[in-house]
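Right, one structure below, let's go through it.
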Amino acid sequence: MFEVSNQPPPLEPYSLFASDIVLREAVKRERAGWAEDGLSALGAKLGKPETIQLGFDANKYTPTLRTLDRYGHRLDEVDYHPAWHALMGIALRAGLHSSPWADPKPGAHVARAAGTYMLNQIESGVYCPLAMTYGSVPSLRFAPAIAAEWLPKIFGRHYDRRFRPAKEKTSVLIGMGMTENQGGSDLRTNSTRAEPAGDGSFRLHGHKWFLSVPMCDAFLVLAQSAKGLSCFLLPRWTPDGERNGLQILRLKDKLGNRSNASSEVEFDGAFAQLVGEEGRGVPTIIEMAGHTRLDCCIGSSSLMRQAVAQAVHHARHRTAFQRRLIDQPLMTNVLADLALECEAATVLSMRLARAYDESDEISTVFRRVVTPAGKFWICKRAPAVTLEAMEVLGGSGYIEESIMPRLYREAPVNSIWEGSGNVMCLDVLRAIERTPKAAEVLRHELGETGDARLKAFAERLQQRLRAADRNDESQARVLVRDLVLALQAALLIKHSPAAVADAFCASRLGGEGGGAFGALPRGLDLRALAERAAPLN
Ligand SMILES: Cc1cc2nc3c(=O)[nH]c(=O)nc-3n(C[C@H](O)[C@H](O)[C@H](O)COP(=O)(O)OP(=O)(O)OC[C@H]3O[C@@H](n4cnc5c(N)ncnc54)[C@H](O)[C@@H]3O)c2cc1C
């Protein structure tokens with residue numbers, strides 16, 4: 001038998017909080033310093049070998065659909081591996097599904113963002129129900145009576161896996177049904193019908209082409225009523241304690257996100273209650289989408305963090321050609337570049353999360369413009385980062401026993417769901433055009449860094465934002481990318497070590513973009529960048 005040598009130790013146990021200096025700085029800076037103890041405990045729990053194993057198990061033993069019972073009665077239930085339930089238990093105990101609403105205070109959305117940032121590194125599938133439940137609250141508040149009934153259960157921290165009517169449970173989860181077969185982004189094509197039942201409730205007939213986490217306790221669903229597209233709450237059980245008319249046709253066979261069930265469903269006269277004004281379904285459910293899009297930014301940033309942490313860890317322990325990989329100049333460049341991308345994504349996501357904590361005009365405008373912008377660019381960067389980080393591990397990175405293939409398969413989904421890339425860019429154009437003070441708020445965010453490179457870049461950007469052809473859709477990706485790069489540069493200049501800000505401005509503001517990682521120019525402190533990303537407790 002050969003002797004095993006020159007292999008890194010597994011990155012476990014470790015604290016996902018203590019070992020992440022960028023996250024710790026962001027939590028403090030964005031006003032969630034009070035949450036450090038809780039985040040520290042959660043980070044340590046997530047980094048234990050047994051918790052890491054739950055992530056592997058939940059993805060290996062994927063959910064299965066039970067359509068009918070042995071006699072042919074409809075069941076429409078999905079079974080999950082115990083690892084899924086264990087991870088959900090950890091998440092709900094930490095309040096990652098609703099804590100900012102249950103216990104609002106300055107920094108509450110930031111603290112939750114930091115928690116989900118860590119959880120998502122260990123297992124991404126569970127993030128989906130957490131994000132949707134979190135996002136559902138502002139939409140549900142359009143219907144005070146429904147909110148009064150459901151919010152106390154949504155705030156519950158004791159995960160209740162049972163498939164029972166909500167009133168019997170200690171906590172509930174909320175999903176979202178917008179996308180139909182004939183059209184997803186273009187919600188006006190929704191064909192599901194809502195008919196008044198005569199008692200104030202509605203009955204829904206139709207289908208949804210994508211409905212994730214079908215074992216959620218209720219869903220916010222769009223359907224056409226007499227006054228147009230409206231938003232409804234559709235529970236899995238009727239008020240009479242019967243299974244509601246939601247039939248799960250099949251589970252999707254997905255590229256990644258495999259621990260999580262996503263389904264195709266039909267509504268057969270399903271009981272539902274109107275949420276918000278009839279005919280104003282999109283403005284009602286868009287409140288939810290804003291929050292889930294924030295979660296896409298956090299989720300993609302955290303996938304990058306896990307990929308970079310694994311890559312730097314590997315390179316610190318593996319030797320090739322008589323040197324540790326991290327000391328090989330070209331590898332130092334690759335790691336530094338990856339770390340840079342991850343830090344830029346993380347600082348912007350956490351800054352954005354703070355905008356969700358605040359209700360002043362600047363925060364409102366910032367949320368409106370930067371949520372879709374960040375979702376576009378940060379989510380686009382995650383597949384590239386996870387791919388390059390995988391290569392740092394050499395052949396071992398391609399093997400399922402490492403987490404890298406799972407990160408790589410997961411990476412594209414945040415870009416696709418909750419509004420795909422182009423749709424996000426068009427939304428940014430709309431937001432800038434229609435939001436009074438958008439230009440002023442962006443100028444304020446980008447100003448006063450004293451950095452000449454950013455000043456020149458931001459001035460060119462402002463000119464494009466004022467130009468007659470600013471709404472040219474064919475150029476929207478370029479504009480949104482540059483907007484995000486400018487915001488990231490401003491944050492790094494203000495808050496990160498000079499080595500980080502220098503490298504970012506030198507490599508990201510010159511317009512090269514899009515090439516392979518590891519092309520940072522000479523004269524930068526690349527070693528400092530790579531070391532900063534090392535997951536050291
Ligand atoms: C794993 C997974 C889980 C999901 N879970 C849910 C769920 O729980 N609930 C739910 O409602 N949906 C869910 N979705 C659906 C998802 O939100 C949609 O797939 C997504 O919004 C895109 O809609 P679509 O698939 O109909 O694509 P389309 O709307 O057909 O878009 C296809 C492409 O065209 C682009 N495009 C669209 N319009 C324009 C335009 N005007 N100009 C330029 N380009 C354009 C889009 O950006 C996209 O790249 C899920 C999807 C996935 C992959």
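Every number for a ligand or one of its atoms is a count from 1 in the order of the listing. Small disclaimer: the values here were computed from a predicted structure and weren't measured. Start at 1 with the first residue, then count along the sequence.
- Atoms of ligand 1 lying under 4.0 Å from any heavy atom of S262, numbered from 1 in the order shown and given with element: 3 (C).
- Side chains of P129 and W84 form a contact here, defined as non-hydrogen atoms less than 4.5 Å apart.
- The number of heavy atoms from other shown groups lying within 6.0 Å of CD (Q247) is above 12.
- Looking from atom 14 (N) of ligand 1 to the surrounding protein, the closest heavy atom is F210 CB, 3.3 Å.
- Proximity of a side-chain donor or acceptor of S98 to a complementary backbone N or O of I154 within less than 3.5 Å is detected.
- Within 4.0 Å of atom 20 (C) of ligand 1, at least one protein heavy atom is present.
- Residue, atom and distance of the protein heavy atom nearest to atom 43 (C) of ligand 1 are N422 ND2, 3.5 Å.
- An N or O contact shorter than 3.5 Å is missing between D186 and ligand 1 by distance.
- Counting protein heavy atoms only, atom 38 (N) of ligand 1 is closest to V423 CG2, 4.0 Å.
- With a 4.0 Å heavy-atom cut-off, ligand 1 is reached by the backbone of S212 and by its side chain too.
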I would like to know whether K208 and E264 meet salt bridge (Lys or Arg N to Asp or Glu O under 4.0 Å); could you show each step before the answer? CA-CA 6 Å; K208 293 293 165 186; E264 292 166 31; over 6 Å; no

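- Distances below 4.0 Å separate heavy atoms of K254 from the following atoms of ligand 1: 1 (C).
- Of the protein's non-hydrogen atoms, L426 CD1, 3.6 Å is the one closest to atom 42 (N) of ligand 1.
- Between D217 and K167, no side-chain nitrogen of the basic residue sits less than 4.0 Å from a carboxylate oxygen of the acidic one, so the salt-bridge criterion is not met.
- T170 places none of its side-chain heavy atoms less than 4.5 Å from the side chain of R157.
- Counting only heavy atoms, the protein gets under 4.0 Å from atom 31 (O) of ligand 1.
- Here the side chain of S263 pairs no donor or acceptor atom with the backbone of R250 at under 3.5 angstrom.
- Between G184 and ligand 1, at least one pair of N/O atoms sits closer than 3.5 Å.
- The shortest distance between side-chain heavy atoms of F202 and E278 falls below 4.5 Å.
- Taking a cutoff of 4.0 Å between a charged side-chain nitrogen and a carboxylate oxygen, R141 and E287 do not qualify as a salt bridge.
- By the criterion of a heavy-atom distance under 4.0 Å, neither the backbone nor the side chain of V213 is placed next to ligand 1.
- Judged by the shortest distance from any of its heavy atoms, N257 lies outside the 4.0 Å radius around the atoms of ligand 1.
- Summary of contacts: the protein heavy atom closest to atom 28 (P) of ligand 1 is S185 OG, 3.6 Å.
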Quick one: do E77 and R66 satisfy salt bridge (Lys or Arg N to Asp or Glu O under 4.0 Å)? Show the steps, please. CA-CA 5 Å; E77 291 181 39; R66 277 187 296 132; 3.4 Å; yes

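- Scanning the protein heavy atoms around atom 2 (C) of ligand 1, the nearest turns out to be W417 CE3, 3.5 Å.
- Relative to the ring axis of F163, R243 does not place its NZ or CZ within 45° and under 6.0 Å from the centre.
- Ranking protein heavy atoms by distance to atom 47 (O) of ligand 1, first place goes to S420 CB, 3.2 Å.
- Considering backbone and side-chain atoms alike, M176 places an N or O below 3.5 Å from some N or O of ligand 1.
- Considering backbone and side-chain atoms alike, M178 places an N or O below 3.5 Å from some N or O of ligand 1.
- Near E418, with a cut-off below 4.0 Å to any heavy atom, the atoms of ligand 1 are 17 (O).
- Residue-level proximity to ligand 1 for K252 is absent, since no heavy atom of it falls below 4.0 angstrom.
- Contact annotation: the side chain of F376 never approaches that of N422 to less than 4.5 Å [non-hydrogen atoms, C-beta and beyond].
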Hey, mind stepping through L173 and M88 against side-chain contact (heavy atoms from CB on, under 4.5 Å) and telling me if it holds? CA-CA 11 Å; L173 298 169; M88 288 298 297; 3.6 Å; yes

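- Closer than 4.0 Å to atom 34 (O) of ligand 1 lies none of the heavy atoms of the protein.
- Nearest protein heavy-atom contact of atom 15 (C) of ligand 1 is T179 OG1, 3.2 Å.
- Applying the 6.0 Å contact sphere to CZ of R470 captures more than 12 heavy atoms from other residues, nucleotides or ligands.
- Shown here, atom 8 (O) of ligand 1 is in close reach of the protein: a heavy atom of it lies under 4.0 Å off.
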